[in-house]
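Every chain is numbered from 1, with letters handed out A, B, ... down the list of sequences.
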Amino acid sequence: MSNQLEMRAVYTETLLKLGQLDERIVLLEADLMRATGSKNFKDEFPHRTFNVGVAEANMVSISAGLSSAGKLPFANTFACFATRRTFDQFFISANYARLNVKLVGSDPGVTAALNGGTHMAFEDMGIMRTIPKLVIFEPSDPISLKKLMQACVEYYGCTYMRLHRSFADVLYDENEDFELGKGKILREGQDVALIATGVVMVGEALKAATLLAERGIFATVVDMHTIKPIDRNLVIQLAATCGAIVTCENHQIVNGLGSAVAEVLVEEIPTPMVRVGVKDLFGEVGSLDYLKERFGLTATVIVEHAEKVLEKKMTAVKI
Amino acid sequence: MMDDKTLAELTDKAKEIRALTIDAIGYLGIGHLGGSMSVVEVLTMLYYRHMDIDPSNPRKVDRDQLVLSKGHAGPALYSVLADKGYFPKDWLHTLNRGGTRLPSHCDRNLTPGIDMTTGSLGQGLSAAIGIALSHRLDGIASKIFVIIGDGESNEGQVWEAAQAAAQFKLHHIIAFTDYNKLQLDGFMHEIMNIEDLTAKWVSFGWFVQRINGHDLPQIDLAIERAKHEPLRPSMIVMDTIKGKGVDFAENQSTNHNMKLDYETALAAIAKL
């Protein structure tokens with residue numbers, strides 16, 4: 001049924017196209033070009049591609065220097081290294097210095113699969129969310145990847161993009177418009193809102209909505225591609241219309257999407273909510289399907305949580 | 001080679017910069033005196049003799065740049081920038097006060113003439129590599145100067161950058177190590193020794209010179225040689241004295257961030 005594209009290929013093709021239009025764009029890699037597949041950019045722009053070897057911290061500070069001289073650097077590595085390993089470099093050299101570095105962390109969460117626990121970033125968004133003004137997003141499909149990359153090039157300031165590298169369903173029409181910081185409603189229902197982010201969990205949330213509909217529960221599904229800044233208006237609107245929220249993220253439930261949504265809810269419109277995500281655990285090795293089951297990142301788990309939050313909604317004391 | 005007149009002028013200028021810096025730190029009552037004093041001569045040679053800059057256009061694209069990676073020596077650089085006319089000299093008395101444009105560590109967004117934000121040690125050389133790569137792409141022939149602290153050289157990232165600058169053949173990077181032999185907690189050979197520093201940079205593929213960092217003609221000659229190096233990035237290891245010129249502070253392990261009342265500061269300036 002579904003039309004799938006390899007996100008890695010879409011990423012590198014989009015970067016190449018953006019690079020053809022904007023000569024400020026340069027690419028930095030830390031000895032993972034075979035993984036990111038950015039050879040096409042290097043072939044066309046050998047002088048605008050810098051492989052710094054296995055030295056991510058250096059890569060990020062070099063990117064900051066390139067930006068200070070007017071370039072628009074994309075720096076690429078696995079999400080775990082992009083965030084845990086280069087936090088201070090990204091914080092000080094790039095963000096604190098108010099520069100324009102586009103950091104890309106691939107293989108987020110369980111998609112690190114066979115690389116295992118050491119490479120499994122369940123905390124990257126949480127770490128990055130504490131950096132003032134940083135824009136953090138994770139495209140959920142090939143179209144949103146293209147459009148959000150374009151938006152991030154047009155935006156002056158540092159961004160962190162979580163990049164799912166393997167195949168993903170096409171969810172959007174080619175002509176769909178995207179804006180950083182504005183979530184997308186993929187399906188509408190009045191009982192509960194499933195707010196998801198990223199390829200893995202937007203996909204599972206859509207499946208969960210179908211399963212819930214079979215039980216007579218109608219769910220709104222939102223692709224919250226940007227978790228910072230969070231789309232406050234949309235969260236408030238969902239709380240007002242559905243009265244129950246489930247957040248779904250391929251990440252720790254601490255300081256990721258669920259936290260961002262909860263912060264809006266408690267301040268603006270207290271609403272029953274539950275968080276689907278990794279419950280304070282380290283990553284492990286295994287196949288993607290195994291890991292999704294292991295960490296509770298499946299449509300079935302979302303359905304269970306939706307039913308739980310609906311009970312809360314029904315018993316909530318109306319003030 | 002500098003003629004005697006130039007040397008005399010630059011010697012006076014260094015004294016003036018030293019005085020302005022002691023004055024700014026003394027006016028506040030505390031500051032990074034030691035590491036500011038040890039870079040006065042190199043800053044003087046860069047800004048008054050070697051760098052191609054335009055204080056009326058601090059972001060001129062093809063200017064020479066300085067990344068003061070040991071960002072805590074900001075006060076010495078602020079004295080130079082004020083004297084060059086990047087901003088009024090009375091800003092120097094706002095050092096580290098709330099709302100100032102002159103923070104303890106260099107900030108490219110706050111201070112006209114500061115080329116890169118620094119302060120978290122170890123990152124400046126990497127940033128300089130980024131600037132140097134950008135200039136190479138754009139066909140800009142300017143030089144990127146970097147000053148690294150000796151204690152800073154404990155940071156692993158310095159050596160990541162050392163590899164990369166050599167790999168990318170960034171001969172337009174001219175770096176200095178302010179080798180005053182003291183880090184915050186004490187003497188380097190007792191805390192974390194970095195010897196043989198010259199051999200380390202040589203082994204990383206750099207063009208390395210070792211000089212007396214308070215000797216203006218030696219600094220001048222080293223920069224001239226570095227400018228003409230066709231392939232390799234340059235490291236000029238400067239033997240310096242932390243706190244140089246302030247007799248009670250010189251080579252004292254307590255001079256990294258020291259209290260200095262204004263009266264004592266003025267007396268120190270009078271003795272220069």
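- Nearest heavy-atom pair across M116(B) and S93(A) is CE-O, 3.5 Å.
- Neither the backbone nor the side chain of F91(A) comes within less than 4.5 Å of any heavy atom in chain B.
- Counting heavy-atom pairs closer than 4.5 Å to chain B, the top-ranked of the candidates A94(A), A69(A), S67(A) is A69(A).
- Between G130(B) and L66(A), the shortest heavy-atom contact is O-CD2, 3.3 Å.
- When each of A55(A), P73(A), A97(A), S68(A) is checked for heavy-atom pairs under 4.5 Å with chain B, A97(A) comes out on top.
- Per-residue counts of heavy-atom pairs under 4.5 Å with chain A were compared for V67(B), L110(B), D138(B); the largest is that of D138(B).
- The interface of residues 74-90 of chain A with chain B, defined by heavy-atom distances below 4.5 Å, comprises D88(A), Q89(A).
- Residue-level contacts of residues 118-136 of chain A with chain B do not occur; threshold 4.5 Å between heavy atoms.
- Here the shortest heavy-atom pairing between N58(A) and Q157(B) reads CA-NE2, 3.8 Å.
- The side-chain hydrogen bond (donor to acceptor under 3.5 Å, both in side chains) test applied to D54(B) returns S56(B), not counting sequence neighbours.
- Scanning residues 11-49 of chain A against chain B with a 4.5 Å heavy-atom cutoff picks out V26(A), H47(A), R48(A), ordered by number.
- Interface remark: A128(B) contributes no atoms to any contact with chain A (heavy atom separation under 4.5 Å).
- With a 4.5 Å cut-off on side-chain heavy atoms, E160(B) and I62(A) do not count as touching.
- S63(A) does not touch chain B: none of its heavy atoms, backbone or side chain, sits under 4.5 Å away.
- The contact between L133(B) and chain A is made by backbone and side chain atoms together, counting heavy-atom distances below 4.5 Å.
- Annotation: maximal heavy-atom pairing with chain A below 4.5 Å, among T118(B), N109(B), T117(B), D115(B), occurs at N109(B).
- Q167(B) does not touch chain A: none of its heavy atoms, backbone or side chain, sits under 4.5 Å away.
- Under a cut-off of 6.0 angstrom, the local environment of NZ in K169(B) is sparse, with at most 12 non-hydrogen atoms contributed by other residues, nucleotides or ligands.
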